[in-house]
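Note sheet for the following structure.
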Amino acid sequence: MSATDAPLLEVVNLVVRYGSAQALHDISLRVAPQQIVAVVGANGAGKTTLLRTLSGLVRPAYGHVRFAGEDIGRLAVHRIVQRGISHIPEGRGILPTLSVMDNLRLGAHVHGRPDPALLAQLEQWFPVLFRRRDQLAGMLSGGEQQMLAISRAVLARPRLVLIDELSLGLSPKVTSELVPRLRDLREAGASVLLVDQNIQQALRVADHVYVLANGRIAYSGAPDELRAAPDLMSTYLGVQLAPGRKSHA
């Protein structure tokens, strides 16, 4: 994205505090329309705090969060959802005592009812989920619950999807089935801001990557450039490469 392109999401000098402790320090980042952006870093770097702030669950102390040109940093959560941001939290956030279909209906509540065309598309993406549409969501496997979380977010017809730990607790096989859906979201017109503990997977799918370290942006650039910088990979992400070898993540 060039400097003259208008971003869908623009975060400017964002500061977040929990009491006297500062969690995020002057964070600035951008997400363009139909772009997948990854935010990676060690545990405790501030990744989840960032997503919770963008979705309105945490209030910033300073700075701006602009979405489609509007400052949304202090809007209520439901207003942010109405603007077109869906948040899939760490742990997925499904309602385990409701059925799969009832969870999906809740995802579409902003629009009154699920869009039949979107439901048909989701059934193509996740047929196993729709075979279990009447089952309690809490009885699904971890991978199926993540499918449900993604589907529920899609039914809100988002322009931006925030995903916190897509692959957490999932097998590589299940994760490999979910990652193409991020590209499908992009092709359908949405942007994605992805936080994931699977750094290699995040770098493979992202168009742009930010590295968070101790609540600060330590790197912003192309995934290929980060993979080609073993010192950065080691220092900030704990990825060790053999001498003279580049990552093929």
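In this text, all values refer to a predicted model and were calculated from it rather than measured experimentally.
For the pair Gln135 (side chain) and Val100 (backbone), a donor-acceptor distance under 3.5 Å is absent. Looking at Asn103, its side chain does come within 3.5 Å of a backbone N or O of Leu95 through a donor-acceptor pair. Looking at Gln146, its side chain does come within 3.5 Å of a backbone N or O of Leu166 through a donor-acceptor pair. The main-chain N or O of Gly63 is never found under 3.5 Å from a side-chain atom of Asn13 such that the two would form a donor-acceptor pair. Distance alone, capped at 3.5 Å, is enough to place a donor-acceptor pair between the Arg227 side chain and the Leu203 backbone. Between the side chain of Glu144 and the main chain of Leu129, no donor-acceptor pair closer than 3.5 Å is present. Using a distance-only test at 3.5 Å, with no hydrogens or angles considered, a donor-acceptor pair links the side chain of Arg152 to the main chain of Gly93. Side chain of Thr53 to backbone of Arg59: no donor-acceptor contact under 3.5 angstrom is found. Using modelled atom types, no side-chain atom of Lys47 and backbone atom of Leu194 make a donor-acceptor pair closer than 3.5 Å.
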query = Does the side chain to side chain contact (heavy atoms under 4.5 Å, CB included) test come out yes or no for Leu178 and Met147, once each step is laid out?
reply = CA-CA 7 Å; Leu178 293 175; Met147 293 175 192; 3.8 Å; yes
request  = Determine, step by step, whether Ile217 and Leu212 satisfy the side chain to side chain contact (heavy atoms under 4.5 Å, CB included) criterion, reporting the C-alpha distance in whole Å, the side-chain angles of both residues, the deciding distance to 0.1 Å, and the verdict.
outcome  = CA-CA 5 Å; Ile217 299 290; Leu212 268 185; 3.8 Å; yes
request  = Take Ile27 and Tyr210 through the test side chain to side chain contact (heavy atoms under 4.5 Å, CB included) and record every step on the way to the result.
outcome  = CA-CA 10 Å; Ile27 298 295; Tyr210 292 92; over 6 Å; no
ask   = How far apart are the C-alpha atoms of Asp196 and Glu165, what are their side-chain angles, what is the distance that settles it, and do they pass the side chain to side chain contact (heavy atoms under 4.5 Å, CB included) test?
value = CA-CA 4 Å; Asp196 203 332; Glu165 299 295 2; 3.7 Å; yes
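Considering only heavy atoms from C-beta on, Arg204 stays 4.5 Å or farther from Pro223 through its side chain. Taking the side chain as every heavy atom from C-beta outward, Leu24 and Val15 never approach each other to under 4.5 Å.
Taking CG of Leu119 as the start and CZ of Arg133 as the end, the distance is 8.0 Å to the nearest 0.5 Å. To the nearest 0.5 Å, atom CD of residue Gln145 and atom CG of residue Leu148 are 7.5 Å apart. To the nearest 0.5 Å, atom CE of residue Met139 and atom OG of residue Ser99 are 13.5 Å apart. Separating the CZ atom in Phe67 from the CD1 atom in Ile85 is a distance of 4.5 Å, to the nearest 0.5 Å. Here the OG atom belonging to Ser220 is positioned 10.0 Å from the CZ atom belonging to Arg30, to the nearest 0.5 angstrom. Rounded to the nearest 0.5 Å, atoms CD (Gln34) and CZ (Arg183) are 15.0 Å apart.
The salt bridge (charged side-chain N to carboxylate O under 4.0 Å, His left out) check on Arg105 picks up Asp102, with sequence neighbours excluded. Judged as a salt bridge (charged side-chain N to carboxylate O under 4.0 Å, His left out), and not counting sequence neighbours, Arg159 has no contacts. Not a single salt bridge (charged side-chain N to carboxylate O under 4.0 Å, His left out) links Glu90 to another residue, sequence neighbours left out. Residues that satisfy the side chain to side chain contact (heavy atoms under 4.5 Å, CB included) test with Ala213, not counting sequence neighbours, are Ala218, Tyr236. A search for salt bridge (charged side-chain N to carboxylate O under 4.0 Å, His left out) contacts involving Arg157 returns nothing, not counting sequence neighbours.
Contact between Asn198 and Gln201 at its shortest, heavy atoms only, is OD1-N, 2.9 Å. Taking each heavy atom of Phe126 and Ser151 in turn, the nearest pair found is CD1-OG, 3.3 Å. In plain terms, the two heavy atoms of Gly142 and Leu170 that are nearest each other are C-CD2, 3.5 Å. Of all heavy-atom pairs spanning Ala153 and Pro158, the tightest one is O-CD, 3.3 Å. For the pair Leu8 and Pro33, the tightest heavy-atom approach, listed with the atom from each and the gap, is N-CD, 3.9 Å. Residues Leu51 and Leu162 approach most closely at O-CD1, 3.8 Å, considering heavy atoms.
The cluster map of Ile, Leu, Val, Met, Phe, Trp and Tyr, joined by side-chain heavy atoms under 4.5 Å apart, puts Val192 and Leu9 in different clusters. Hydrophobic clustering (side-chain heavy atoms under 4.5 Å, transitive across Ile, Leu, Val, Met, Phe, Trp, Tyr) keeps Val209 apart from Leu182. With hydrophobic clusters built from ILVMFWY side chains whose heavy atoms lie under 4.5 angstrom apart, Leu104 shares a cluster with Leu185. Side-chain heavy atoms closer than 4.5 Å link hydrophobic residues (I, L, V, M, F, W, Y) into clusters, and following such links, possibly through other members, connects Leu50 to Leu160. Cluster annotation: Val161 and Val65 are assigned to distinct hydrophobic clusters (Ile/Leu/Val/Met/Phe/Trp/Tyr, side-chain heavy-atom contacts under 4.5 Å, transitive).
Atom CG of Asn214 sits in a sparse spot, with 12 or fewer heavy atoms from other residues, nucleotides or ligands closer than 6.0 Å.
Tested against Val31 for a side-chain contact (heavy atoms from CB on, under 4.5 Å), the candidates Leu193, Leu54, Asp207, Ile36 yield a single pass: Leu193.
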Under 3.5 Å, which donor-acceptor pairs link side chains of residues 69-82 to any protein atom two or more places apart or in another chain?
residue	atom	partner	partner atom	Å
Glu70	OE1	Arg83	NE	2.9
Glu70	OE2	Arg83	NE	3.4
Glu70	OE2	Arg83	NH2	3.1
Asp71	OD1	Gly73	N	3.1
Asp71	OD2	His64	ND1	2.6
Arg74	NH2	Pro60	O	3.1
Arg79	NH1	Gln82	OE1	3.1

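Under a 4.0 Å N-O distance rule, the pair Lys173/Glu177 qualifies as a salt bridge.
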